[in-house]
Amino acid sequence: MWVLAAVGSAVFAGVTAILAKCGIRHTDSDVATAVRTIVVLAFAWIMAGVVGSIPTIGQVAPGSLLFLALSGLATGASWICYFKALSVGDVNKVVPIDKCSTVLTVLLAIALFGETENLAAKLVGCAGILAGTLMMVERRPQGDDVRGRSWAWYAVGSAVFAALTSVLAKVGLDGVESNLATAIRICFVLVMAWVVVAMRGKLGEACGIDRRELIFICLSGVATGASWLCYYYAIQAGAVSVVVPIDKLSIVVSMAFSAAVFKETYTRRSLAGLAAIVASTLLMTAFR
């Protein structure tokens with residue numbers, strides 16, 4: 001079941017990137033992140049209520065709460081970087097770099113959680129994912145537009161914080177029902193997102209979001225909530241070093257939609273890189 005949950009996480013995460021891109025064409029990325037977090041928070045607490053785990057919140061150990069909070073803050077930082085990157089860069093460039101968090105997460109899981117089973121396959125898979133990513137983010141002429149260069153730094157930041165999110169969440173999930181844990185950590189994401197908006201003097205922009213973009217932002221929040229529920233159930237029940245690579249197959253969904261919706265094009269090299277990422281991920285899954 002946890003493998004199927006990881007697949008579900010990948011599908012919803014892939015849709016999230018496209019919906020979010022549609023919602024930040026004119027809306028500031030920080031404001032969009034804060035608004036969509038409200039939707040994710042509501043979705044998560046509803047699911048925690050449906051499964052009946054809310055009454056157990058008083059039983060959450062202080063240590064678990066601490067790591068869930070740290071995971072939430074890392075998620076907030078990752079989101080801020082990710083949606084800023086999407087707002088100034090192409091989906092087919094931002095998403096591959098963001099998915100590089102897979103490599104860092106797997107290495108951290110091996111080092112911290114002792115997930116050394118089939119170590120050779122995991123290391124080969126990591127190398128393949130990294131090589132495929134480098135092929136996909138080939139440099140293309142973009143004139144002298146600074147925005148064309150800044151997206152990469154935000155994408156790298158997103159990947160680093162995403163890797164920390166998974167590792168911290170794995171520790172925080174110990175003894176906590178996954179839906180409740182997701183709801184708790186999103187509370188910290190929400191606080192961080194709105195603090196950033198306030199510190200940057202953008203609170204007024206939240207009231208002037210285009211209605212059409214607001215719909216896409218909210219839909220991306222629903223997709224994110226669904227992805228997280230699947231994802232954190234998967235890492236609670238399964239191996240982090242396997243769940244994360246499967247989840248990162250969302251790149252296939254994102255790139256397919258980016259080609260169809262945004263008419264983004266791919267070279268043979270970028271397609272070969274995508275194939276390398278998918279093949280490496282399947283290798284790591286097969287030898288889980």
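Values reported hereafter were calculated over all heavy atoms of this structure, with side chains retained and with hydrogens, waters and symmetry mates removed.
Here the closest heavy-atom approach between residue Thr281 and residue Ile277 is recorded as OG1-O, 2.8 Å. Of all heavy-atom pairs between Ala159 and Ser101, the closest is O-CB, 3.0 Å. The two residues Val243 and Ala6 have their closest heavy-atom pair at CG1-CB, 4.1 Å.
A side-chain donor from one of Ser227 and Ser9 sits under 3.5 Å from a side-chain acceptor of the other.
Applying the side-chain hydrogen bond (donor to acceptor under 3.5 Å, both in side chains) test to every pair with at least one member in residues 45-64, sequence neighbours left out, gives these pairs: Ser53-Glu177.
Under the 4.5 Å side-chain criterion, counting only non-hydrogen atoms from C-beta, Val176 is not in contact with Phe67. Side chains of Tyr233 and Met1 form a contact here, defined as non-hydrogen atoms less than 4.5 Å apart. Residues Val167 and Phe113 meet the side-chain proximity criterion, which asks for heavy atoms closer than 4.5 Å. Using a 4.5 Å cut-off on side-chain heavy atoms (C-beta onward), Trp79 and Thr224 make contact. At a threshold of 4.5 Å between non-hydrogen side-chain atoms, the residues Trp151 and Ile97 count as touching.
Listed for the Ser87 side chain is a donor-acceptor partner under 3.5 Å among the backbone atoms of Lys84. Of the possible donor and acceptor atoms, one in the side chain of Ser258 sits under 3.5 Å from a partner among the backbone N and O of Met255. Distance alone, capped at 3.5 Å, is enough to place a donor-acceptor pair between the Glu213 side chain and the His26 backbone. Judged purely by atom type and a 3.5 angstrom limit, Thr182 uses its side chain to pair as donor or acceptor with the backbone of Ser178. For Ser220 (side chain) and Leu19 (main-chain N/O), no donor-acceptor pair under 3.5 Å exists by modelled atom type. In this structure, the side chain of Lys21 engages the main chain of Leu86 through a donor-acceptor pair within 3.5 Å. The backbone N or O of Ile110 lies less than 3.5 Å from no partner atom in the side chain of Lys122, so there is not a single donor-acceptor pair.
Environment of CZ in Phe257: sparse, with no more than 12 heavy atoms of neighbouring residues, nucleotides or ligands closer than 6.0 Å.
Each of Leu130, Ile129, Val103 was checked for a side chain to side chain contact (heavy atoms under 4.5 Å, CB included) with Ser280, and the lone residue meeting it is Ile129. Among the candidates Val196, Ile209, Leu203, Ile24, the single residue satisfying the side chain to side chain contact (heavy atoms under 4.5 Å, CB included) test with Val31 is Ile209. For the side chain to side chain contact (heavy atoms under 4.5 Å, CB included) with Asn179, the qualifying choice from Val51, Ile184, Ile54 is Val51, the only one to do so. Each of Asp30, Thr33, Ile38 was checked for a side chain to side chain contact (heavy atoms under 4.5 Å, CB included) with Trp194, and the lone residue meeting it is Ile38.
Ile46 belongs to a hydrophobic cluster whose remaining members, ordered by chain and number, are Val50; membership requires side-chain heavy atoms of ILVMFWY residues under 4.5 Å apart, directly or through intermediates. The hydrophobic cluster containing Val195, built from Ile/Leu/Val/Met/Phe/Trp/Tyr side-chain heavy atoms closer than 4.5 Å, also comprises Val191, Met199. Hydrophobic cluster of Val222: the remaining members, joined at side-chain heavy-atom separations below 4.5 Å, are Val39, Phe43, Met47, Leu229, listed by chain and number.
Take Asp174 and apply the side-chain contact (heavy atoms from CB on, under 4.5 Å) test, not counting sequence neighbours, and it matches no residue. Residues meeting the side-chain contact (heavy atoms from CB on, under 4.5 Å) test with Ala276, sequence neighbours left out: none.
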message: Test side chain to side chain contact (heavy atoms under 4.5 Å, CB included) on Phe83 and Arg36; report intermediate values, then the result.
response: CA-CA 11 Å; Phe83 291 103; Arg36 66 191 295 278; 3.4 Å; yes

query: So Thr75 and Met192, side chain to side chain contact (heavy atoms under 4.5 Å, CB included) or not? Walk me through it.
result: CA-CA 9 Å; Thr75 298; Met192 181 177 181; over 6 Å; no

Worked check of side chain to side chain contact (heavy atoms under 4.5 Å, CB included) between Val106 and Leu123: CA-CA 9 Å; Val106 171; Leu123 295 179; over 6 Å; no

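One hydrophobic cluster, built from ILVMFWY side chains closer than 4.5 Å, cannot hold both Leu219 and Val11; they sit in different ones.
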